[in-house]
Structure formats: structure tokens, C-alpha cells
Amino acid sequence: MTGLRELQRQRVREAISAAAIGLFLRRGFDEVPVTEIAAAAGVSKPTLFKYFPAKEDLVLHRIADHEGESARVVRARAEGETPLEALRRHFLDGLARRDPVTGLNDHPEVMAFHRMVFSTPSLQARMFQQISRDERALADALAGQGGTDDLTAALLAAQVLATQRVLASRIWQRLAEGRPLAEVEPEAVDAANRAFSLLTINDY
């Protein structure tokens, strides 16, 4: 029974987010009031806020499953694989899958979604909050790995998250300039390998 209730809640959450993002992409994030989103999703305004406490959450729900991902990759890595090797492999796998979070996805809705996030200050601010949480989680996962102290773990976590963010932004920008994905992909792979190589210090 609990499982069915949670499934229903998830369906309502997805319906609200989908209605919101559809409106945002057509008219702009700041141009759509929450009351209109609630009406489009067929729920009351209080119900909407029960699922999404802030308007920005309606957008970031799309990438919520990626929160803490880098920390999970480090903890689940294969025996003998260093944390940075695992993180590099995971990012390259994401490129191969055309995972939207890597920036290498030219579907019109994905391109529009990224454009909205990159051009809306309040969404950028919330993104950085999520990145900060990811950074702390990754630092915790790295701490103690191979005798790594807390400061080294925190510094490396910050560098890894910044690297991934810069790579994704640059890849998306190339596509937004109109360059074909087939042309951008090998450059994206080369850039990712170069970037993670720069992070590899003392064979960590």
C-alpha cells in the first residue's frame, strides 16, 4: 500500500514538473506564475508547493537524480581503480550515452532546457547550491582514500565538480553555436581526457 501511495506521489510530481517546464520553455522561467503552473497541472497552489517548495525546484527536479552522483561513483568504483579514474570513466560514459548533464545532447528540448538554466540567475544560484552539496558529498567519499587528508579531499572535490561544470557548459555552447554533434563529440572526449589528466596529481 505504501508503495502504491509513493508511486502516485511520484506521478503527481512528474506531472507538475512537466507542466511547469513546458510553460517555462515556451515563455521563459520568470514569465510564468506559479498559479498558472498549478492550473496547467490540475492541482492547487498549496499542493504544488507541497511537492516543490520553490519555483526553481520545478526545473531542477529534472536533474535531481544526479545529485551526489560523483560521490556514488567513487564509492562504487572497481577494486584497483583510483577515484579520478572512476570519475573520468563515468564522465566519458556519459558522453557516450549523450547524457544531457554532460552537455552532449542536441535534442531541441534539452538544448532549450540548458539555455533556460544558464540564462536565469535564480536557477544558476540554485544549481550552485546543488553543486556545493555534491562537493561536500564527494569530499566525504574521497576523505581517507589512500591516506588522503580532509583538506586534500575538499580541494580535489572542488576541482572535479568545477571541471565537470566547465566541460558541460563548453560542450553545450558548441552545440548552441550550431555545430553538429558528430563534430563536437570527439572534441568533447579529448577535452574531458585532457581536463581529468590535469587533475591527476601524485597518482591519486
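Small disclaimer: the values here were computed from a predicted structure and weren't measured.
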> What is the distance from atom CD of Glu69 to atom NE2 of His90, rounded to the nearest 0.5 Å?
Replying inline: 3.5 Å

> Aromatic rings His61 and Phe52: how do their planes relate, parallel, tilted or perpendicular, breaks at 30° and 60°?
Replying inline: perpendicular

> Nearest heavy-atom pair of Met127 and Ile63: which atoms, and what distance?
Replying inline: SD-CD1, 3.4 Å

> What pair of heavy atoms forms the shortest contact from Ala154 to Ala139, and how long is it?
Replying inline: CA-CB, 3.9 Å

>> Using the salt bridge (charged side-chain N to carboxylate O under 4.0 Å, His left out) criterion, which residues pair with Arg170? Sequence neighbours excluded.
In response: none

>> Please determine whether a side-chain nitrogen of the Lys or Arg among Arg88 and Glu81 lies less than 4.0 Å from a carboxylate oxygen of the Asp or Glu.
In response: no

> Which one of Asn105, Leu175, Ile171 satisfies the side-chain contact (heavy atoms from CB on, under 4.5 Å) criterion with Leu181?
Replying inline: Leu175

> Just by distance, with hydrogens left out, do Glu6 and Gln10 show a side-chain donor and acceptor under 3.5 Å apart?
Replying inline: no

>> So if I apply the side-chain contact (heavy atoms from CB on, under 4.5 Å) rule between Leu142 and each of Val74, Asp150, Thr152, which one comes out positive?
In response: Val74

> With distance as the sole test, does Ser17 use its side chain to make a donor-acceptor pair with the main-chain N or O of Leu58 at under 3.5 Å?
Replying inline: yes

>> Do the side chains of Glu183 and Arg174 get close enough for a salt bridge, i.e. N-O under 4.0 angstrom?
In response: no

> Ion pair present between Asp57 and Arg126, side-chain N to carboxylate O less than 4.0 angstrom?
Replying inline: yes

> Counting N and O atoms only, with roles assigned by atom type, does the side chain of Thr120 sit under 3.5 Å from a partner on the main chain of Leu123, one being a donor and the other an acceptor?
Replying inline: no

> Arg72 and Asp65: which non-hydrogen atoms are nearest, and at how many Å?
Replying inline: NH2-O, 3.0 Å

